[in-house]
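Quick notes on the structure that follows.
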Number of protein chains: 2
Amino acid sequence: MYERKIPVDLSCPLRLTMSLIDSKWKSCILDELRDTSMRPSELHKALPEATPRVLDLQLKELVDDGLVAKTIYPELPPRSEYSITELGRSLLPILDSMIAWGETNRELFEKKYGM
Amino acid sequence: MYERKIPVDLSCPLRLTMSLIDSKWKSCILDELRDTSMRPSELHKALPEATPRVLDLQLKELVDDGLVAKTIYPELPPRSEYSITELGRSLLPILDSMIAWGETNRELFEKKYGM
DNA sequence: TCATATACTGAAAATTTATTCGGTATACCG
DNA sequence: CGGTATACCGAATAAATTTTCAGTATATGA
């Protein structure tokens, strides 16, 4: 895993929390896993703009941070499933409030950022 | 301002909200401005790890997105102050929940990320 | 046999973000 | 006069993140 040259002060609780979810797809992955565990290929179907590679990299970090759990089934063709942990689930209220904020204020940004 | 070559789908409310606060210092800036308006030099004292340049760049984006307001006093030496807007203030509950989550779970990450 | 699908990985390239450095301008103070 | 401080900006560089591409291995089905 990449080791930062310029460290971030994670003793700041805001930065600690942000650091766990602020990459491009982590918050979306947690949101997708809220109801059901998913295989990597299913996750890619749910988030088609994310390449399988980046999903793989970010899932690995989420697992490493204890927010997501991975189950490997020793079958062929290979099968694995990712599910949200209790720790990851405890972040969902934060994501919920972000989703609600985004829905409430969407129109303010519609023109500025074409959507 | 830099224009992305690979656009992000901001019609997703989660990604819209994230896009407004997920750069390195924006959430910290909003947190600093919650009680009082600040001059750039004061903000730099409050966040000494952030260079004046990056504060300047991120303040400009925050102003552009309507989360922060800028007041210029036509004095010399120049003086300007940044304050949080009502829109920016409406994000503070989200930051509060991130701060609370980080405080609650800090010990889980203490060893992994030296702090 | 050959294409397909699965999960995953390494490495290089591209993209995005942050840092560093030097410069604008003006007033105050010693 | 020369140093300090203010806010700000352009450009080059560096750092960090994401994308692209090619590859591992094995079973299934046409």
Side-chain angles (χ1 to χ4, degrees), chain A residues 1-10 15 18-29 33 37-65 68-83 113, chain B residues 1-10 15 18-29 33 37-65 68-83 113:
Chain A
M1 251 174 237
Y2 178 76
E3 190 161 336
R4 287 185 150 276
K5 295 191 179 177
I6 301 174
V8 172
D9 176 18
L10 297 180
R15 271 173 273 182
M18 281 295 283
S19 74
L20 299 175
I21 58 174
D22 73 350
S23 62
K24 193 167 183 180
W25 296 102
K26 281 181 183 175
S27 60
C28 298
I29 291 171
L33 295 179
S37 61
M38 292 177 104
R39 305 175 63 177
S41 52
E42 294 174 309
L43 208 47
H44 177 54
K45 270 170 220 148
L47 300 169
E49 293 166 284
T51 63
R53 182 61 168 143
V54 79
L55 290 177
D56 183 59
L57 291 170
Q58 305 211 350
L59 279 168
K60 177 177 290 185
E61 290 184 7
L62 288 167
V63 169
D64 208 51
D65 287 333
V68 164
K70 175 181 181 178
T71 308
I72 302 178
Y73 298 91
E75 304 173 2
L76 279 168
R79 183 159 74 94
S80 65
E81 286 201 336
Y82 293 88
S83 55
Y113 308 110
Chain B
M1 252 174 236
Y2 179 75
E3 189 162 337
R4 289 185 148 275
K5 295 189 179 177
I6 301 173
V8 172
D9 176 18
L10 298 179
R15 272 172 272 182
M18 282 294 284
S19 74
L20 299 175
I21 59 174
D22 72 353
S23 61
K24 193 166 183 180
W25 297 102
K26 282 182 183 175
S27 59
C28 298
I29 292 171
L33 295 180
S37 61
M38 292 178 103
R39 304 175 63 177
S41 52
E42 294 174 310
L43 209 47
H44 177 54
K45 270 169 221 148
L47 300 169
E49 293 167 285
T51 62
R53 182 61 168 141
V54 78
L55 290 177
D56 183 58
L57 291 171
Q58 305 210 350
L59 279 169
K60 177 177 290 186
E61 290 185 7
L62 287 167
V63 169
D64 207 51
D65 287 333
V68 164
K70 174 180 181 179
T71 308
I72 302 178
Y73 299 91
E75 302 173 4
L76 278 169
R79 184 161 72 95
S80 64
E81 287 200 335
Y82 293 88
S83 55
Y113 308 111

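No experiment lies behind these values; they were computed from the predicted model shown. Throughout, protein chains are lettered first and strands after them, A, B, ... in sequence-line order, and every chain is numbered starting at 1. Values reported hereafter were calculated over all heavy atoms of this structure, with side chains retained and with hydrogens, waters and symmetry mates removed.
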Please tell me if [X] has a side-chain N or O lying less than 4.0 Å from either OP1 or OP2 of [N].
X      : N       : result
Q58(A) : dT18(D) : yes
S80(B) : dT6(D)  : no
T51(A) : dT18(D) : no
S41(B) : dA7(D)  : yes
K24(B) : dT19(C) : yes
K70(B) : dC8(D)  : yes

Give the rounded distance in Å between these two atoms: [atom1] of [X] and [atom2] of [N].
X      : N       : atom1 : atom2 : value
H44(B) : dT19(C) : NE2   : P     : 11 Å
Y2(B)  : dT18(D) : OH    : P     : 13 Å
I72(A) : dA25(D) : CD1   : P     : 18 Å
R79(A) : dA27(D) : CZ    : C1'   : 15 Å
R15(A) : dA16(D) : CZ    : C1'   : 17 Å
M1(A)  : dT9(C)  : CE    : C1'   : 13 Å
L55(A) : dA7(C)  : CG    : C1'   : 13 Å
R4(A)  : dA14(D) : CZ    : P     : 18 Å

Whichever of V54(A) and P40(B) has its nearest DNA chain D nucleotide further upstream toward 5' | P40(B)
Which residue, A50(A) or I6(A), contacts DNA chain D at a nucleotide closer to its 5' end, judged by nearest heavy atom?
-> I6(A)
Can you find a donor-acceptor pair, distance only, under 3.5 Å between R53(B) side chain and dG22(C) base?
-> no
H44(A) side chain to A50(A) main-chain N or O, any donor-acceptor pair under 3.5 Å?
-> yes
Using atom types as modelled and distance alone, determine if a side-chain donor or acceptor of R39(B) lies under 3.5 Å from a backbone N or O of S41(B).
-> no
Quick one: which of [options] gets closest to the side chain of [X]?
X      : options                  : value
K60(A) : dT19(D), dA16(D), dT9(C) : dT9(C)
W25(A) : dT19(D), dT6(C), dA15(D) : dT19(D)
D56(A) : dT9(C), dT19(C), dT19(D) : dT9(C)

Does any part of the side chain of [Y], heavy atoms only, come nearer than 4.5 Å to the side chain of [X], both counted from C-beta?
X      : Y      : answer
L10(B) : S19(B) : yes
L59(A) : L43(A) : yes
T71(A) : R79(A) : no

Indicate, with a heavy-atom threshold strictly under 4.0 Å, whether [X] touches base, sugar-phosphate, or nothing.
X      : value
E42(A) : nothing
E49(B) : nothing
Y82(B) : sugar-phosphate

Full working for side chain to side chain donor-acceptor pair (under 3.5 Å) between E81(B) and S37(B) | CA-CA 6 Å; E81(B) 287 200 335; S37(B) 61; 3.2 Å; yes
